[in-house]
Amino acid sequence: MAYWLIKSEPNKYPFSALVTDKNTSWDGVRNFEARNNLRSMKRGDLALFYHSNIGKEFVGVARVTGEARPDPSAPGEDWSVVDFAPVQALTAPVTLAQVRAMPALAEMALLKRSRLSVAPVTASEWKVILAAARTKL
DNA sequence: GCCAACGTTGGC
DNA sequence: GCCAACGTTGGC
């Protein structure tokens with residue numbers, strides 16, 4: 001199983017909306033690398049849900065429930081969506097400042113590739129963040 | 001609201 | 001194939 005991070009601006013689609021919706025199609029990705037990351041996701045993979053711009057923190061965990069398929073918001077174009085369901089909110093959100101402050105997270109894509117909206121997370125990074133979030137799955 | 005970073009586009 | 005211009009993301 002692989003780990004990922006997905007970013008959303010909370011004024012557009014907050015984690016709470018995923019909780020309400022129970023399932024959502026992650027559409028609108030228009031970056032090749034982010035799209036390729038979506039295509040690498042397998043059912044059952046877990047993703048950290050990050051609020052960009054507002055909050056700037058990890059707030060929850062989501063699970064891949066449906067693997068990549070054509071993005072209906074871009075008919076005829078070569079983009080993909082993946083389906084996610086909420087797993088749980090983090091007990092304590094983990095802020096960008098916290099991530100920056102932890103040496104174990106210095107290489108995270110969130111920091112190194114800050115403009116990439118769908119990115120891989122290593123198993124060790126995953127562990128560190130869930131510990132900081134005081135969250136057990 | 002500004003601006004840095006950086007991916008993409010298009011002219012040559 | 002290079003590179004300048006442009007658009008977008010996301011932090012501040």
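Being a predicted model, the structure only gives us computed values, none of them experimental. Residue numbering restarts at 1 for every chain, and letters A, B, ... go by the order of the sequence lines.
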[X] [atom1] to [N] [atom2], straight-line distance once rounded to whole Å:
X        : N       : atom1 : atom2 : value
Asn11(A) : dG11(C) : CG    : P     : 13 Å
Phe58(A) : dG10(C) : CZ    : P     : 12 Å
Tyr50(A) : dG10(C) : OH    : C1'   : 8 Å
Lys7(A)  : dG10(C) : NZ    : P     : 4 Å
Arg35(A) : dT8(B)  : CZ    : C1'   : 13 Å
Ile6(A)  : dT9(C)  : CD1   : C1'   : 17 Å
Asn53(A) : dG10(C) : CG    : C1'   : 5 Å
Lys12(A) : dG10(C) : NZ    : C1'   : 11 Å

So, Glu33(A) and Arg113(A), do they make that salt bridge, N to O below 4.0 Å? yes
Salt bridge or not for Arg43(A) and Asp83(A), using N-O below 4.0 Å? no
Could you state the interatomic distance from OG1 (Thr122(A)) to CD (Glu125(A)), rounded to the nearest 0.5 Å? 3.0 Å
Just verifying a value: how many Å separate Leu96(A) CG and Met108(A) CE, rounded to the nearest 0.5 Å? 10.0 Å
Less than 4.5 Å apart, side chain to side chain, heavy atoms only: is that true for [X] and [Y]?
X         : Y        : result
Phe49(A)  : Pro86(A) : no
Leu116(A) : Asn37(A) : yes
Leu48(A)  : Trp4(A)  : no
Leu105(A) : Gln98(A) : no

Test of understanding: with salt bridge (Lys or Arg N to Asp or Glu O under 4.0 Å), list the residues that count as partners of Arg100(A), not counting sequence neighbours. none
Check DNA chain B against residues 112-122 of chain A and give the residues with a non-hydrogen atom under 4.0 Å, in numerical order. Arg113(A), Arg115(A)
Give me the distances for all protein-to-nucleotides 4-6 of chain C N/O pairs that come in under 3.5 Å?
none

